[in-house]
Number of protein chains: 2
Amino acid sequence: MGSKYISTSVIRRLPRYFRFLNSLKQTGMIRISSSELAERMGISASQIRQDLNCFGGFGQQGYGYNIEKLQAEIGKILGVDRGLKTVLIGAGNLGQTLAQSIEFEKRGFNIIGIFDKKEALFGEVLRGLPIRSADDLEDFCKENHVDAAILCIPFKEAAANIDSYVKTCGIRGFWNFSHYNINEKYPEVAVENVHFNDSLMTLCYRVINLDKKD
Amino acid sequence: MGSKYISTSVIRRLPRYFRFLNSLKQTGMIRISSSELAERMGISASQIRQDLNCFGGFGQQGYGYNIEKLQAEIGKILGVDRGLKTVLIGAGNLGQTLAQSIEFEKRGFNIIGIFDKKEALFGEVLRGLPIRSADDLEDFCKENHVDAAILCIPFKEAAANIDSYVKTCGIRGFWNFSHYNINEKYPEVAVENVHFNDSLMTLCYRVINLDKKD
DNA sequence: ACAAACTTGTTACTTTTTTTAACAAACTTT
DNA sequence: AAAGTTTGTTAAAAAAAGTAACAAGTTTGT
């Protein structure tokens, strides 16, 4: 199997290709060349060809790329149909909203359990799943293989429980909404951070300093 | 005023310094050297000194940095007390959750208006503010100077209204939860994207390819 | 069937960005 | 006043990202 290391910037462009090709597909277009795709996406043709080349050859000289096939290939690379077994940890305001509004199945995840500390929430149903006690998470993970977790809990909770999540529960991927730095302690797991506060502060800086742009 | 261009990586580290110094402050520590801060944060002392140096000298040779003062300085650089006048556009599931659960005032923003297309929502109160009709946004922006917008609307809505937001409303900063690429059309405004779907797909790829890490 | 026109996969090169190292100058402590 | 710290700053090194170029394979038109 291709075991080549792929740079972060390449990986981060894949979802955009995936989405873009999807919209092209819906217009009925059948094929596209790297240069036309490049122009439409506002990037360079070289970059597209080089990005794709990390994973293999999906086009044909003189023809270009079949849009549907290319999208399918990128989807396969990203693993959007893997249905990774996933638990939502923290069913507060944010956790509930994510559970209700995101199409996890189309992005490679399958939510199989929802957990919270707060007794008042136990039994409430979200996305067809009952909210369970966080105390039952370890047992749940022993009974069900769990690949990933969505972490919608405060920093302190994350810090206190990360050992359990990684070592006992065997979770290998985290969609992390807390500010706890998981990779510092466990560099071997996959982490995608979504740090609202940092993102906001960055935006604030940028608005204030618009004159310094570029 | 310092008009030097600051790289994105530097800016993105500032919020983390800000948060970290805050927690140190709360332990009662008064001063810290770049090398000790570096060790605690898991980065290099060189990098800290160089990052800070982009904005001026906040420490003292032989002494190090006064924690409270340094945090205050970084807060000032980020503009966390600017209270940028901000509207929330889109008060659906996500918009409501953000409005309710994020401390905007502590991150430099001041929410002064909430808008949505959906008539059923008009008048409902969020964060002490009534949800207004999206049709009134332009008028609202003419009466109130608006610096930034939180965009919790679908791609198509964003694409259809971005001209109004930028040109008519004069909004210069976007916290963008849609997939619409604002900077492609308006490179002159500040944008912070939060793309849940892309983030999820990236995580999926990473979990699947954990063996290729590093 | 053949030539002209395209377009990819791939390698090498260039540019930019990011990180690390080093050290004189300045302050603190004893 | 001397010894020990630690910064601000410049320069160098390393890493990453992006661009260009082209041989080889396809398609299209005649």
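Naming: A, B, ... by sequence-line order, numbering from 1 per chain. What you see is a predicted model; the values in this text were computed from it and never measured.
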K.L.:
Quickly work out the A:Q61 CD to D:dA24 P distance and round it to whole Å.
P.N.:
11 Å
K.L.:
Check every strand shown and say whether A:S7 touches a base, only sugar-phosphate, or nothing at a heavy-atom separation below 4.0 Å.
P.N.:
sugar-phosphate
K.L.:
Looking at every strand, decide which applies to B:F58 at a 4.0 Å heavy-atom threshold: base, sugar-phosphate, or nothing.
P.N.:
sugar-phosphate
K.L.:
More 5' along DNA chain C: B:S46 or A:S34, using each one's nearest nucleotide?
P.N.:
A:S34
K.L.:
Can you run through DNA chain D from 5' to 3' and write each base as (, ), [, ], | or . depending on how it pairs? Watson-Crick or G-U wobble, both distances under 3.5 Å.
P.N.:
||||||||||||||||||||||||||||||
K.L.:
Is it the case that the side chains of B:S46 and B:S44 hold a donor-acceptor pair, with the cut-off being a distance below 3.5 Å and no angle test?
P.N.:
no
K.L.:
So, applying side chain to side chain contact (heavy atoms under 4.5 Å, CB included) with A:F177, which one of A:I89, A:L151, A:L98 is it?
P.N.:
A:L98
K.L.:
When the distance from CG of B:N53 to P of D:dA11 is rounded to whole Å, what number comes out?
P.N.:
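About 13 Å, once rounded to whole Å.
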K.L.:
Specify the separation, in whole Å, of atom OH of A:Y5 and atom C1' of D:dA15.
P.N.:
11 Å
K.L.:
Answer yes or no: is there a side-chain heavy-atom contact under 4.5 Å between B:I112 and B:L129?
P.N.:
no
K.L.:
Go through D:dA11, D:dA17, D:dT26 for me and flag the one nearest to the A:Q60 side chain.
P.N.:
D:dT26
K.L.:
When the distance from CZ of B:R49 to P of D:dA11 is rounded to whole Å, what number comes out?
P.N.:
17 Å
K.L.:
Would you say that A:N193 contacts A:N183 through its side chain, given a criterion of any heavy-atom pair below 4.5 Å between the two side chains?
P.N.:
no
K.L.:
D:dC22, D:dT19, D:dT27: which one has an atom nearest the side-chain heavy atoms of A:S44?
P.N.:
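Minimum distance to the A:S44 side chain belongs to D:dT19.
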K.L.:
In this structure, how many angstroms lie between the P atom of D:dT9 and the CG atom of B:D51, rounded?
P.N.:
14 Å
K.L.:
Could you tell me whether the side chain of A:Y205 reaches within less than 4.5 Å of the side chain of B:I6, counting heavy atoms only?
P.N.:
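SC-SC contact between B:I6 and A:Y205 confirmed.
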K.L.:
Judged by each residue's nearest nucleotide on DNA chain D, which is more toward the 5′ side, A:Q47 or B:S35?
P.N.:
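Closer to the 5' end of DNA chain D: B:S35.
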K.L.:
Measuring only between side-chain heavy atoms, which start at C-beta, is A:R16 closer than 4.5 Å to A:L21?
P.N.:
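They are not in contact (no side-chain heavy atoms under 4.5 Å apart), so the answer is no.
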K.L.:
Ring-plane angle category for A:F174 and A:Y165, please: parallel below 30°, perpendicular beyond 60°, tilted otherwise.
P.N.:
tilted
K.L.:
Check the interface with nucleotides 2-4 of chain D: list each N/O to N/O pair with the protein under 3.5 Å, or write none.
P.N.:
none

K.L.:
Between B:E138 and B:S164, does any side-chain donor sit less than 3.5 Å from a side-chain acceptor?
P.N.:
yes
K.L.:
CG of A:N66 versus C1' of D:dT27: gap in Å, rounded?
P.N.:
15 Å
K.L.:
Without decimals, in angstroms, what is the distance between B:Y63 OH and D:dT7 C1'?
P.N.:
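So the two atoms are 13 Å apart, to the nearest Å.
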K.L.:
In whole Å, I'd like the distance from the CD1 atom of B:I48 to the C1' atom of D:dG8.
P.N.:
14 Å
K.L.:
In terms of side-chain heavy atoms, does A:H145 have a donor or acceptor partner in A:D147 at a distance below 3.5 Å?
P.N.:
yes
K.L.:
For residues A:L84 and B:C204, determine if any side-chain heavy atom of one lies less than 4.5 Å from a side-chain heavy atom of the other.
P.N.:
yes
K.L.:
Quick check for you: name the first and last nucleotides of DNA chain C, 5' to 3', having an atom under 4.0 Å from a heavy atom of chain B.
P.N.:
C:dT18 to C:dT29
K.L.:
Given A:S34, which of A:E39, A:R49, A:Q47, A:Q50 fulfils the side chain to side chain donor-acceptor pair (under 3.5 Å) condition?
P.N.:
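For A:S34, the side chain to side chain donor-acceptor pair (under 3.5 Å) check succeeds only for A:R49.
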K.L.:
Using a distance-only test with no angle check, is there a side-chain donor-acceptor pair under 3.5 angstrom linking B:S199 and A:E192?
P.N.:
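Per modelled atom types, B:S199 and A:E192 side chains form a pair under 3.5 Å.
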